[in-house]
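Bear in mind the structure is a predicted one, so any value in this text is a computation, not a measurement. Convention: sequence-line order gives letters A, B, ...; per-chain numbering from 1.
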Protein chains: 2
Amino acid sequence: MIKIEPPRLRASSDVPGGRRKQRVSMADVARLAGVSSQTVSRVANGSPGVVETTREQVLAAMSELGYRPNSAARSLRYGRFNTIGVILFGLSSIGNSRTVEAIATHAAAEGYAITLIPVGAPTQDNVLGAFTRMGELAVDGVILIIEVHLLDAAAVTLPPGAHVVVVDSDAGDRYPVVDTDQADGARQAVRHLLDLGHRTVWHLAGPAGSFSAERRASAWRQVLEEAGRPVPALERGDWSADSGYRAGLRLAGDPSCTAIFAANDQMALGVLRALHERGRRVPAEVSVVGFDDVADAGSYLPPLTTVHQDFAEVGRRCVDALLRQIHDEPTGPGTDLVATRLVIRASTAAPEV
Amino acid sequence: MIKIEPPRLRASSDVPGGRRKQRVSMADVARLAGVSSQTVSRVANGSPGVVETTREQVLAAMSELGYRPNSAARSLRYGRFNTIGVILFGLSSIGNSRTVEAIATHAAAEGYAITLIPVGAPTQDNVLGAFTRMGELAVDGVILIIEVHLLDAAAVTLPPGAHVVVVDSDAGDRYPVVDTDQADGARQAVRHLLDLGHRTVWHLAGPAGSFSAERRASAWRQVLEEAGRPVPALERGDWSADSGYRAGLRLAGDPSCTAIFAANDQMALGVLRALHERGRRVPAEVSVVGFDDVADAGSYLPPLTTVHQDFAEVGRRCVDALLRQIHDEPTGPGTDLVATRLVIRASTAAPEV
DNA sequence: GACGCTGATGTTTACGTAAACATTCTCGGG
DNA sequence: CCCGAGAATGTTTACGTAAACATCAGCGTC
């Protein structure tokens with residue numbers, strides 16, 4: 001291990017009142033190294049034209065004083081913050097937190113930090129507030145992980161030149177969108193159940209306001225209609241396992257229901273529990289498919305067949321699209337779809353005859 | 001009504017290359033309103049001493065030009081960023097994402113934004129890099145949601161005056177710590193099982209490097225020893241449901257094992273699956289307790305008895321402790337423990353006789 | 001009616017950095 | 001032996017904001 005000499009810091013007592021200078025600036029380093037602050041700047045940025053001996057002196061002074069560049073001054077100078085804002089309702093949904101994680105990781109690799117801007121409840125007012133604050137925030141662009149259609153009116157408050165990418169929502173052709181291919185995922189799920197021989201498929205949808213929920217539901221309906229199958233009444237949950245449980249209890253009472261497509265894995269988990277409690281065996285009597293492929297889905301009872309979403313890829317593409325805008329490369333509104341894939345486990349089977 | 005001359009906006013074509021000025025500054029507003037930029041500043045900050053008519057003129061000019069304060073300049077001026085950094089390994093763990101969400105929400109309420117600093121793998125090098133970058137980041141303080149003991153050596157690179165709060169880890173008396181009362185939670189879990197009449201309790205611990213895992217395991221051991229019960233060999237997982245499943249398969253083979261305390265809910269889920277596959281009924285033959293009380297725990301089969309962690313409270317206290325440091329209020333190293341509480345559901349029962 | 005006080009507003013300056021421009025110095029060629 | 005090129009380094013300035021200080025007008029007082 002490398003032994004590091006503790007720097008001789010100005011003690012608080014050096015200055016009456018204990019108010020020691022907080023930051024070490026280039027000027028301090030320059031003074032100690034006996035050069036101009038511009039030379040320090042050149043060393044800090046690796047600019048050419050600094051002779052080796054000078055560079056070493058400066059570096060020594062830097063480490064002695066513990067110099068750290070001041071990012072506020074840098075941002076002011078450059079007019080850029082190297083920061084991306086992420087506006088979201090919450091991290092409680094697994095999809096959100098994994099997307100945010102991917103965004104953070106990929107952004108870090110590109111030299112950008114990310115700032116989280118949580119919006120309390122999905123009300124117009126709150127979103128508007130977040131957008132207003134955003135204008136003052138130290139960010140070069142924003143990724144929206146919210147239901148954008150909630151804020152038609154709020155849109156006017158967006159700074160005109162703002163760089164924006166929208167995830168998993170409808171941007172009404174105003175901004176580029178990165179999205180999981182929800183419709184295709186739902187189609188795969190429903191077709192899988194029909195291919196197994198089920199006459200039709202029930203659907204447990206997400207809440208009415210959600211764009212993802214709507215797209216999954218409409219793809220479900222479309223597949224059934226194209227196949228000429230009856231379309232059962234839609235069940236609705238709120239993404240939670242509890243709501244899935246309640247819907248599951250309702251469906252368990254219908255003996256004709258042999259296949260259920262839940263709009264996310266958590267609701268599917270609730271459905272599994274309800275079916276179990278009602279003594280309906282999965283997959284022998286009822287098949288269940290989820291959506292998301294959360295980490296635990298393979299450990300449900302039984303392991304859940306579900307639609308895998310590549311959240312990491314979504315995060316990566318968001319960052320790429322946003323950086324392209326920030327760097328003035330051509331980008332138009334339009335949707336970039338990330339493929340989904342059906343993961344078949346043990347919760348689906350052919351119906352009993 | 002005062003007639004306001006329409007602002008002579010620099011059109012893109014004014015400058016070759018279409019590079020129009022990005023931001024509207026106070027000087028622009030001042031020019032349009034016919035006042036000095038200082039007056040604009042006063043209006044922007046609600047300082048007194050601006051006559052009503054002037055204020056209105058300035059406000060009109062602001063909204064006409066779409067003025068937004070430049071936070072880089074503000075930060076430079078004030079020496080503060082109003083931003084908190086959060087260093088973490090990832091958001092994949094439910095605890096982390098819920099803690100981060102609480103931090104973000106509470107920080108926002110206090111006027112602080114939060115910046116996420118993800119650290120790839122928990123290696124010394126990566127953590128060191130994050131700490132180094134942190135020094136250059138636009139943050140006033142940092143919350144560490146990582147295993148701090150990994151970075152004894154890295155500590156030297158922390159800027160001496162840095163404000164730090166550590167979550168769920170051991171700070172070695174260097175920084176204030178906010179933590180769930182892991183030991184007490186584990187004690188409640190084990191005592192609950194003993195109280196039900198189980199002779200002893202098996203423990204499925206988290207990975208060896210984890211401080212949380214160690215504390216839960218040592219509390220488990222302590223309760224058993226105090227009660228004079230035999231201490232079964234420790235099983236180890238990696239927090240994942242899969243690792244819980246594998247451990248569960250091992251334990252299912254031991255008929256004397258009637259009570260299992262898993263160090264988190266995901267591993268408990270895996271244990272439930274393994275027991276189910278091996279035909280051991282829960283809770284009739286084997287009782288299982290988890291830790292965390294994730295949102296889905298009530299929907300497991302059977303609904304899981306588990307230790308509830310108040311992540312929101314942890315997040316709140318982190319932010320409070322950090323802001324206290326930033327505002328120079330007295331804070332010492334020391335651990336602030338957030339209470340846990342056992343949530344009894346359907347996965348535990350008295351052993352069969 | 002001159003004095004000074006108060007309130008409204010303007011001017012200067014500093015925050016830390018880095019581009020643009022200026023200065024010094026060295027060294028090779030005529 | 002002097003000139004000029006180019007390398008190394010220094011000086012000035014601007015980025016946007018806001019504190020500190022300066023100015024100025026109006027008004028009440030003696």
Side-chain angles (χ1 to χ4, degrees), chain A residues 19-59 61-62 65-82 135-140 159, chain B residues 2 10 15 19-59 61-62 65-82 135-140 159 161:
Chain A
R19 286 201 51 75
R20 62 183 157 147
K21 195 180 177 198
Q22 286 290 349
R23 302 274 317 202
V24 178
S25 77
M26 283 192 166
D28 299 319
V29 176
R31 207 170 305 123
L32 177 61
V35 299
S36 77
S37 67
Q38 183 57 54
T39 298
V40 176
S41 167
R42 280 189 265 255
V43 171
N45 295 0
S47 306
V50 179
V51 95
E52 192 51 30
T53 54
T54 310
R55 170 181 308 276
E56 274 162 18
Q57 263 172 283
V58 171
L59 289 174
M62 278 180 172
L65 295 176
Y67 167 77
R68 313 268 170 174
N70 179 317
S71 58
R74 276 206 157 130
S75 295
L76 179 58
R77 189 81 243 283
Y78 287 129
R80 286 182 297 108
F81 299 99
N82 275 17
E136 317 176 2
L137 274 172
V139 298
D140 303 311
Chain B
I2 298 154
R10 285 164 284 259
V15 186
R19 285 201 52 76
R20 62 184 157 144
K21 195 180 178 200
Q22 288 289 349
R23 301 274 319 201
V24 178
S25 76
M26 282 190 168
D28 299 318
V29 175
R31 207 171 305 122
L32 175 61
V35 299
S36 76
S37 67
Q38 183 58 66
T39 299
V40 177
S41 167
R42 280 190 265 254
V43 171
N45 294 3
S47 306
V50 180
V51 95
E52 191 52 29
T53 55
T54 310
R55 170 182 307 277
E56 273 162 18
Q57 261 172 283
V58 171
L59 288 175
M62 278 180 173
L65 295 176
Y67 168 77
R68 313 268 169 174
N70 179 316
S71 57
R74 276 205 156 129
S75 295
L76 180 57
R77 189 80 243 282
Y78 288 128
R80 285 182 298 108
F81 299 98
N82 276 17
E136 316 176 3
L137 274 172
V139 298
D140 302 311

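Here the side chain of A:Arg74 is nearest to one of C:dT11, D:dT17, C:dA18, namely C:dA18. For B:Gln38, counting side-chain heavy atoms from C-beta on, the closest listed nucleotide (C:dG10, D:dT9, C:dC15) is C:dG10.
Scanning both residues, B:Tyr78 and B:Asn45, for their nearest heavy atoms gives OH-ND2, 3.7 Å. Residues A:Arg74 and A:Ala44 approach most closely at NH2-CB, 4.5 Å, considering heavy atoms. Between A:Val50 and A:Arg55, the shortest heavy-atom contact is CG1-N, 3.8 Å. A:Leu76 and B:Asn70 get closest at one heavy-atom pair: CD1-ND2, 4.4 Å.
Using a 4.0 Å cut-off, no side-chain N or O of A:Ser37 falls inside it from OP1 or OP2 of C:dA18. Within the structure, a side-chain polar atom (N or O) of A:Asn45 is placed less than 4.0 Å from OP1 or OP2 of C:dA18. B:Arg77 has no side-chain polar atom (N or O) that falls below the 4.0 Å cut-off from OP1 or OP2 of D:dG16. Proximity of A:Thr39 to the phosphate of D:dG10: a side-chain N or O atom is located under 4.0 Å from OP1 or OP2. Contact check, B:Ser75 against C:dC15: no side-chain N or O comes under 4.0 Å of OP1 or OP2. Taking 4.0 angstrom as the limit, B:Tyr67 places a side-chain polar atom (N or O) nearer than this to OP1 or OP2 of D:dT17.
Atom CZ in B:Arg68 sits about 13 Å away from atom P in D:dT17, given to the nearest Å. Atom CG of B:Leu76 and atom P of C:dT17 are 9 Å apart (whole Å). Note: OH (A:Tyr78) to C1' (C:dA19) measures 9 Å, nearest angstrom. The nearest whole Å value for the distance from the CZ atom in A:Arg80 to the C1' atom in C:dA19 is 14 Å. The CD-C1' distance, from B:Glu52 to C:dT9, rounds to 16 Å in whole Å. If you measure from atom CD of A:Glu56 to atom P of D:dT9, you get 12 Å, rounded to the nearest angstrom. Straight-line distance from the CG atom of A:Asn70 to the P atom of C:dA14: 17 Å, rounded to whole Å. Distance CE (A:Met62) to C1' (C:dG16): 13 Å, rounded to an integer number of Å.
A donor-acceptor pair under 3.5 Å links the side-chain atoms of B:Ser75 to the main chain of B:Ser71, judged by distance alone.
With hydrogens and angles left out, the side chain of B:Arg42 and the base of C:dG10 share a donor-acceptor pair within 3.5 Å.
Nearer the 5' end of DNA chain C, as judged by each residue's closest nucleotide, is the contact made by B:Val35, out of B:Ala73 and B:Val35.
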